[in-house]
Amino acid sequence: MQQLINGKNTILDICDQSSMNDFETCNYLWALFNAGKISKQGVRSPHEILDDDDTKRMLSRGKAFYQKGRFADAVPFFERIIKIQPDNKEADRFLTRSITAIQNELLKALGSPMAVLEINKGFRLEEAKDLSAKEGFVLSRIDGKTAAKEITYISGLSQTESCITLNRLFERGIIRAGKDKEEVRRGKRQATTREILDPKKKQMTLDLADILLSEILLDLMKQRQTGILQLISAPMDIRVYLHEGSMVYATSNMESDRCGSIMLRKKKITEDQHQEVKTMADRENMLQGNALVKLGIITPNDLIWLTKTKVEEILISLFGWRNGKLRFFETELEGLDIIQLKLIPGRIIMEGTWRYFEEEEIMKVFKTWDILFDVVETPPLSRRELELTDTEVEILELAGRKKKIEELAAATGLQKLEVLKVVFGFYSLGLVMISSQVDEGRKEETARALTEMNQRWEEVRKQDYYTILDLDKGVDDREIKKAFFRFTKKYHPDRSYRYTDKEILDRMLNIFLAGRDAYEILSHPNTRKDYDNFLNEHGKGATPSDFQKFIKPNIEVSHIMKAEDLFNKGKTLLFSGRYVDASEFFEKALELVPDDPDYNAYTGLAFARMNKDYQQAVHLIEKALESNDKNADYHAFLGEAHLRSGKKKMAEESFAAALEVNPRHIQAKREYLRLRAQTK
């Protein structure tokens, strides 16, 4: 602390750089001041940069402004550092982030860089006495005919200064965006044709204001979905392509997201080259990336890098959206004009949350700085899909020891807000869950949640399938899928990071399984018809257990259905990473029906993942295979059990056997190829 009190740092500077929190720092300074050990030297603006300021102070101030979302205020500090230390990578990284954020803010207001700028009706220049010289100069160039991009070049300011100035004019309501100049010129002809999304293949429609984008992406990954996620916020239309749960591509209808614009922003090409690329792409109806190659500006190998950069920028920018519609279309990607890229979803979500979520929004989720976390035992993404930095790994390890944000900041030497954003990124990725909060209100919340879940379970047990999913009897298939998605979001235990109490999670599991049963019955025409006939005959008060007895009257329902219920609970827990709890349900199901191959196979898999008893795990899975050796999953389970015990050769043989049954089995194919590569 002593070295920070140097006659140059303000109280804000000292708070930013101190390992203590702001209150403790100010309290310490006040004690020194009262003791006569320090004195006031003057007043200094937080924006002021002196000739003899050191880079540490400037970096601290710049990052403080950046983290508060005041990107325009942050830029001068980073620019000054780079002028003194051209190789300062941290300043360069934050400068790039700040400029990108400024440009994105402007693009949101514009809709397109070629939107014609107009002065709002009713604005009188003589009334704006507080306009800066830059604002007045830029405003004098706005004539209702000139596009925003053209103004940035004729204003005499740098592109960053122009964007900052235009942003301020937009914020103050002085200017507005008109029509896209190039679209008018081209008669609204698109340079490339976008695929038409078949409305019959639409699986869901959600409002982005009601859900985090990361939740949607992780859900689609967990479900290994293949299709197109469309995000619409006029005039923007972004499409994210997924193949078996992996993000592989993204497209945008915005001029700013095309290859030429990205190259220009990154200062890889000149304005003249950019114009030449656009002219060729429009004239020959080709992608700008192909035009760059054809003009010899980049090589075909460079185009792969550029395409990946473009896709990542599009995906990251989506985390800045707060309004809009999300639609998912379940469809094959074969035949579409896309390149399937190897993207790192963890890095994209981390960068998106870091760049676009500020303290106020994060606190709506975390409620308090004194929050504690637990690391999720089996996160939805693998280490390869996360690609965490060393600092992020350190924060994740410390978070697992139930440290507060303030303690994490002190241990890593980072600012509190910086750590908060990193941890929120972990939360968005499903790497950490909220464990508890220091305030006593957490206990009350847990007790209230348990009471609510118990009440809900009592209701569900007495409700028919339509009521469980909050549906009217005559709804179509699409509404049933949407209702089940909402139900899953609320009651699936794997989605409930807020709660760690086992009793709450178990009750949620019961509710979720009831909802899943409702979905399985109502989503298939034949079973839904049978159920509707059952309701007509027995009345709306008939329960799901009454229906099960109705459709299986000659079976010992209580015995078999209890085993099936236990098995379904075990499967849900298994795929949520709760292996010990899952094995308990599987073993109880086995006690009731010892020879069921599914029960044996999944119990063996749970034992293997617990590293509990290799011999018993293998015995159970082999028993399942004796009943059905044409089940590819069973062979893959056996391969996983062998692999976890280090028996690679036996694992390879089991995965090969799975592929003989089903050549498209994803897990078997991945592990088999990996093992084969290791033996070469």
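In this chain, residues are counted from 1 in sequence order. Owing to the predicted nature of the structure, the values given are computational and were not obtained by experimental measurement.
With sequence neighbours left out, the side chain to side chain donor-acceptor pair (under 3.5 Å) criterion links Lys481 to Gln203. Take Glu118 and apply the side chain to side chain donor-acceptor pair (under 3.5 Å) test, not counting sequence neighbours, and it matches Arg176.
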Would Lys63 and Glu90 count as a salt bridge (charged side-chain N to carboxylate O under 4.0 Å, His left out) here? Give the steps. CA-CA 10 Å; Lys63 287 168 72 174; Glu90 188 172 13; 2.9 Å; yes
Could you walk me through whether Lys310 and Glu313 pass the side-chain contact (heavy atoms from CB on, under 4.5 Å) check? CA-CA 5 Å; Lys310 179 186 79 169; Glu313 283 295 319; 5.9 Å; no
Applying salt bridge (charged side-chain N to carboxylate O under 4.0 Å, His left out), run through Arg644 and Glu640 and close with a yes or a no. CA-CA 6 Å; Arg644 286 176 177 269; Glu640 184 175 338; 3.0 Å; yes
Show your working on side-chain contact (heavy atoms from CB on, under 4.5 Å) between Leu431 and Phe373 and close with a plain yes or no. CA-CA 10 Å; Leu431 298 182; Phe373 300 90; over 6 Å; no
Between Thr391 and Val422, does the side-chain contact (heavy atoms from CB on, under 4.5 Å) criterion hold? Intermediate values first, please. CA-CA 10 Å; Thr391 301; Val422 171; over 6 Å; no
Decide yes or no on side-chain contact (heavy atoms from CB on, under 4.5 Å) for Val311 and Ile339, but give the supporting numbers first. CA-CA 10 Å; Val311 168; Ile339 304 169; over 6 Å; no
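Of the inter-residue distances, the one linking Ile228 atom CD1 with Ile238 atom CD1 reads 13.5 Å to the nearest 0.5 angstrom. Taking CZ from Phe328 and NZ from Lys202, the interatomic distance works out to 13.0 Å, rounded to the nearest 0.5 Å. Expressed to the nearest 0.5 Å, how far CD1 of Ile269 lies from CD1 of Ile262 amounts to 10.5 Å. Between atom CG of residue Leu315 and atom OG of residue Ser252 there is a gap of 10.5 Å, rounded to the nearest 0.5 Å. Atoms CZ and CG, on Phe426 and Leu388 in that order, are 5.5 Å from each other to the nearest 0.5 Å. With rounding to the nearest 0.5 angstrom, the CG atom of Leu208 is 5.0 Å from the CG atom of Leu326.
Contact check on Glu358 versus Lys421 returns a salt bridge, with a Lys/Arg side-chain nitrogen under 4.0 Å from an Asp/Glu carboxylate oxygen. A salt bridge does not link Lys83 to Glu79: none of the charged side-chain nitrogens sits closer than 4.0 Å to a carboxylate oxygen. With respect to the salt-bridge test (charged N to carboxylate O, under 4.0 angstrom), the residues Glu351 and Arg355 qualify.
Between Ser98 and Phe78 the shortest heavy-atom distance is OG-CE1, 3.6 Å. Between Leu206 and Phe485 the shortest heavy-atom distance is CD1-CE2, 3.3 Å. Minimum interatomic distance between Thr353 and Ser428 (heavy atoms only, all atoms of both residues): CG2-OG, 3.7 Å. The two residues Ile344 and Glu387 come nearest to each other via the heavy atoms CG2-CB, 3.7 Å. Among all heavy-atom pairs drawn from Ala632 and Val661, the shortest one is N-CG1, 3.9 Å. Pairing each heavy atom of Leu117 with each of Leu166, the nearest pair is CD1-CD2, 3.7 Å.
Side-chain atoms of Lys308 come within 3.5 Å of backbone N or O of Lys342 as a donor-acceptor pair. In this structure, Thr279 contributes its side chain and Gln275 its backbone to a donor-acceptor pair below 3.5 Å. Looking at Asp237, its side chain never comes within 3.5 Å of a backbone N or O of Asn253 through a donor-acceptor pair. At least one donor-acceptor pair closer than 3.5 Å links the side chain of Thr270 to the backbone N or O of Gln273. In terms of modelled atom types and a separation under 3.5 Å, the side chain of Glu215 and the main chain of Leu212 share no donor-acceptor contact. Asp92 contributes no side-chain N or O that, together with a main-chain N or O of Lys89, makes up a donor-acceptor pair within less than 3.5 Å. Looking at Thr226, its side chain does come within 3.5 Å of a backbone N or O of Glu244 through a donor-acceptor pair.
Summarising the local packing, CZ of Arg478 is surrounded by 12 or fewer heavy atoms from other residues, nucleotides or ligands at distances under 6.0 Å. The number of heavy-atom neighbours closer than 6.0 Å to NZ of Lys669, taken from other residues, nucleotides and ligands shown, is 12 or below.
Counting heavy atoms from C-beta outward, Ile164 and Phe71 have side chains that stay 4.5 Å or more apart. Residues Val248 and Leu341 form no side-chain contact, since every pair of their non-hydrogen atoms from C-beta on lies 4.5 Å or further apart. The side-chain heavy atoms of Tyr241 and Thr251, taken from C-beta on, include a pair separated by under 4.5 Å. You'll find the side chain of His635 stays beyond 4.5 Å of the side chain of Phe655, heavy atoms only. The shortest distance between side-chain heavy atoms of Tyr249 and Leu333 does not fall below 4.5 Å. Counting heavy atoms from C-beta outward, Val75 and Leu95 have side chains that approach closer than 4.5 Å. Taking 4.5 Å as the limit, some side-chain heavy atom of Ser60 sits within range of a side-chain heavy atom of Gln415. At least one side-chain heavy atom of Ile298 sits less than 4.5 Å from a side-chain heavy atom of Met263.
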Could you list the donor-acceptor pairs under 3.5 angstrom formed between side-chain atoms of residues 287-295 and any protein atom two or more places apart in sequence or on another chain?
| residue | atom | partner | partner atom | Å |
| --- | --- | --- | --- | --- |
| Gln288 | OE1 | Gly260 | N | 2.8 |
| Gln288 | NE2 | Glu255 | OE2 | 3.2 |
| Lys294 | NZ | Glu284 | OE1 | 2.6 |

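The salt bridge (charged side-chain N to carboxylate O under 4.0 Å, His left out) pairs that include a residue from residues 422-432 number zero, where partners must be two or more places apart or lie in different chains. Counting only residues at least two apart or in different chains, salt bridge (charged side-chain N to carboxylate O under 4.0 Å, His left out) contacts with residues 320-333 comprise Asp207-Lys325, Arg322-Glu361. Counting only residues at least two apart or in different chains, ring pair (Phe, Tyr, Trp, His ring centres under 6.0 Å) contacts with residues 195-224 are absent.
Cation-pi check for Arg80 over Phe77 is not met; the charged atom does not lie both under 6.0 angstrom from the ring centroid and within 45 degrees of its normal.
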